[in-house]
Q: 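Supplied in structure tokens, the structure appears directly below.
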Number of protein chains: 2
Amino acid sequence: MATIRDIAKASGYSIATVSRAINHSGYVSAKAQQAIERVVAELDYAPNAIAQDLSAGVTHTIGVVLPHSNHPYFTQLLNGIMDAAFDSGYKITILPSGWQRSLELEYLEQLRRKAFDAMIFTSHGIPLKELAAYQRYGRIVICEDPKDTDLPAAYSDREVAYRAAFRWLQQKQVTHIGFLLSRAQEHISATSYATLRAFRAIYGRTPGKDWIISGINTYEDGYHTAEKFHQHQIEPEYIFSNGDDVAVGVRQYYIQQHLPIPGLVGQENQLTSKLLNIPTIDHHFVQIGAAAFELATHPEATPDREKFQSEFILRGI
Amino acid sequence: MATIRDIAKASGYSIATVSRAINHSGYVSAKAQQAIERVVAELDYAPNAIAQDLSAGVTHTIGVVLPHSNHPYFTQLLNGIMDAAFDSGYKITILPSGWQRSLELEYLEQLRRKAFDAMIFTSHGIPLKELAAYQRYGRIVICEDPKDTDLPAAYSDREVAYRAAFRWLQQKQVTHIGFLLSRAQEHISATSYATLRAFRAIYGRTPGKDWIISGINTYEDGYHTAEKFHQHQIEPEYIFSNGDDVAVGVRQYYIQQHLPIPGLVGQENQLTSKLLNIPTIDHHFVQIGAAAFELATHPEATPDREKFQSEFILRGI
DNA sequence: CTAGAATGTGGAACGGGTTTCATAGCAAAT
DNA sequence: ATTTGCTATGAAACCCGTTCCACATTCTAG
């Protein structure tokens, strides 16, 4: 591979002039420009991107931490991020984490080592406080309520739609609701917390322990939880699911067992809920992803928080 | 940010010794090691990743060209790639292309400029021949039959399942089949070609022009094509779709119009086809993605082509 | 006791760019 | 005739690491 020094030598001009000619920066005579361009073409030269990055001190790369990829929450966020990145001059690097603390720390370390200009955490295993501490090494954007940290964030106000959903259920005089929520943690996850809080706000009580199942994410999870409910003679009138696919998995179990299907509420507004006419919640994650990208690439952005209103999509009945 | 020279100065050792101490390479006395480690901790030093990349001449990054992201073909491939990349020390950079020639060339240019160690094209707008020419700048892996080029490839032998599907249809004495195929191009796309070829092999004839619709990728596309069929009084017994979502869109139209639903064959083996009990085809794209990643990161791999058998998944009736 | 091996260290080159700054030619303005 | 200002160019510093190689010790085997 030819380097800029080769071009300088072959053209008879200095490295500095060659650089100027190539980048069209500063003064270069027409004669020099032509001569250099000819040599560049001859030697099939193209400037080395890594060297440029080193010199400029930037990478034009945003690292996106994804716990896993086969979940609509992440797919939608990623789509939004990619759409925004398209033609922005930034590259998106995917950092699969599986919520593993060690991996997340490794990626943060890479930020510290200037491998990325900024990072977006679509979710995180390590506490927000700890994340926030890494901000001194580079910009870090999260996709949830930043709470008492000063992390820039683009996120959904989940409770808006949750409350709408529970109000609707209350009007229908539904009292027995099963909750299939996302991953269980030492500290209950933000989503699950918001769900239960909205329920409490509307219904004025807390659901029974047996009616809340955590760590539910997939179609299969939904199916098996329905099975468990059935075995334990828990018979919800409605099942509030963490995702359309989950709801559909639940439905599938009852259908296969020839049992009456309880009412369902999904999330993510996927094709599946549309097809089966199941009410769902749209958190507008595509927009949130795009907003997160903008926040990541515009450190001077203000305000550095964007809260999107979630939406309850009423269907069926 | 502290640099290695700062560490050298502060510790009283040379740059070379500091480098050796940090990388645990070569000889370093216990005394020097300790002294250097103390200073590293004090100054909160971490080696600059870009500088290391420049020095090493590699980026540990694989560029993955994706036309768009909201299609199972690409999602599945990407999942496979990511799974394989996980813990491999490689980063995956997403390069959205929209099949635009200009963008694809830009990304190839980046390969030439050493921004990536290798590239994976999940699909491509520019001809294979042209792609192959860029191999001199870096390894390029594709996810389809490389034809008469020497590009390394991981891909599905689509015709296996296609033939199985058509054999099944023939046995059922189905004669009127509508084809909803992928994007139209100057030269018909590889997938569409394989479909029609398999049909011809089994049925011994070519479908009528009116029965083949190209450029169909989504639920909406399926819906509108069904509408078009209906308006033109084209009444297929079976509709062979480019994707489960497409098939489901078709189905939706007939349901809404209270028309009899034709038989359906989907592709991608998605949740939707499972739910609605629609036969489908699994091309094992997750595995193909993983294989593509291995090919990308192991230039010495031989053979440098991996063909996966597609699978017809019979459901319903 | 000594040659050769093993250990420890640092200067300097290298990877491949960008940018600052000094120098110089030349034309317009004073 | 002198000053000012613009164009043009290149040497050298800079970005921040890794590594080659030469040199100096110290150890070990013969």
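Just so we're on the same page: letters track the sequence lines, and every chain starts at 1. Since we're looking at a predicted model, the values are computed, not measured.
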Q: Extract all donor-acceptor atom pairs below 3.5 Å that involve side chains of residues 32-41 of chain A and protein atoms in other chains or at least two apart in sequence.
A:
| residue | atom | partner | partner atom | Å |
| --- | --- | --- | --- | --- |
| Gln33(A) | NE2 | Ala21(A) | O | 3.1 |
| Gln33(A) | NE2 | Glu37(A) | OE2 | 2.8 |

Q: Please enumerate all residues that pass ring-ring contact (aromatic ring centres under 6.0 Å, His included) together with Tyr155(A), with sequence neighbours excluded.
A: none

Q: Take atom OH of Tyr13(B) and atom P of dT7(C), then tell me their distance rounded to the nearest Å.
A: 17 Å

Q: From CG of Asp6(A) over to P of dG16(C), roughly how many Å is that when rounded to an integer?
A: 9 Å

Q: Checking the side chain of Glu268(A) only, and the main-chain atoms of Pro72(A) only, is there a donor and an acceptor separated by less than 3.5 Å?
A: no

Q: If you measure from CG on Asn23(A) to CD on Gln52(A), what distance do you get to the nearest 0.5 Å?
A: 6.5 Å

Q: Return the minimal non-hydrogen interatomic distance between Ser97(B) and Pro67(B), and the atom names on each side.
A: OG-CA, 3.3 Å

Q: Who are the side-chain contact (heavy atoms from CB on, under 4.5 Å) partners of Ile4(B), not counting sequence neighbours?
A: Ile15(B), Val18(B), Ser19(B), Tyr45(B)

Q: Can you classify the ring geometry of His71(A) versus Tyr73(A) as parallel (below 30°), tilted (30 to 60°) or perpendicular (above 60°)?
A: perpendicular

Q: When the axes are fitted on five pairs at both termini, how much does the helix from dC1(C)-dG30(D) to dT30(C)-dA1(D) curve, in 10° steps?
A: 40°

Q: Return the residues of residues 49-62 of chain B meeting this criterion: a heavy atom under 4.0 Å from some atom of DNA chain D. Order them by number, or give none.
A: Ala51(B), Gln52(B), Ser55(B)

Q: Figure out the CD1/P separation between Ile15(B) and dT9(C), and round it to whole Å.
A: 16 Å

Q: Within residues 17-42 of chain B, which residues have any heavy atom lying less than 4.0 Å from an atom of DNA chain D?
A: Ser19(B), Asn23(B)

Q: Output side-chain donor-acceptor pairs under 3.5 Å for residues 79-90 of chain B, partner residues at least two apart or in another chain, one line each.
A:
| residue | atom | partner | partner atom | Å |
| --- | --- | --- | --- | --- |
| Asn79(B) | OD1 | Ser69(A) | OG | 2.4 |
| Ser88(B) | OG | Ala85(B) | O | 2.6 |
| Ser88(B) | OG | Tyr90(B) | N | 3.1 |

Q: First contact, last contact: which nucleotides of DNA chain D are these for chain B, 5' to 3', heavy-atom distance under 4.0 Å?
A: dC16(D) to dT19(D)

Q: Quick check: does any side chain N or O of Asp117(B) sit under 3.5 Å from a backbone N or O of Thr59(B), one acting as donor and the other as acceptor?
A: yes

Q: Not counting sequence neighbours, which residues clear salt bridge (Lys or Arg N to Asp or Glu O under 4.0 Å) with Lys9(B)? List them please.
A: none

Q: Output all residues satisfying salt bridge (Lys or Arg N to Asp or Glu O under 4.0 Å) with Arg5(A), sequence neighbours left out; order by chain, then residue number.
A: none

Q: Using salt bridge (Lys or Arg N to Asp or Glu O under 4.0 Å) as the criterion, list what pairs up with Arg112(A), not counting sequence neighbours.
A: Glu109(A), Asp44(B)

Q: Please tabulate, for side-chain N and O atoms in residues 139-149 of chain A, each donor-acceptor pair with protein atoms closer than 3.5 Å (sequence neighbours left out).
A:
| residue | atom | partner | partner atom | Å |
| --- | --- | --- | --- | --- |
| Arg139(A) | NE | Leu295(A) | O | 2.5 |
| Arg139(A) | NH1 | Pro299(A) | O | 3.3 |
| Arg139(A) | NH2 | Leu295(A) | O | 3.2 |
| Glu144(A) | OE1 | His124(A) | NE2 | 3.0 |
| Glu144(A) | OE2 | His124(A) | NE2 | 3.3 |
| Asp145(A) | OD1 | Lys147(A) | N | 2.9 |
| Asp148(A) | OD2 | Lys129(A) | NZ | 3.4 |
| Thr149(A) | OG1 | Pro146(A) | O | 2.7 |

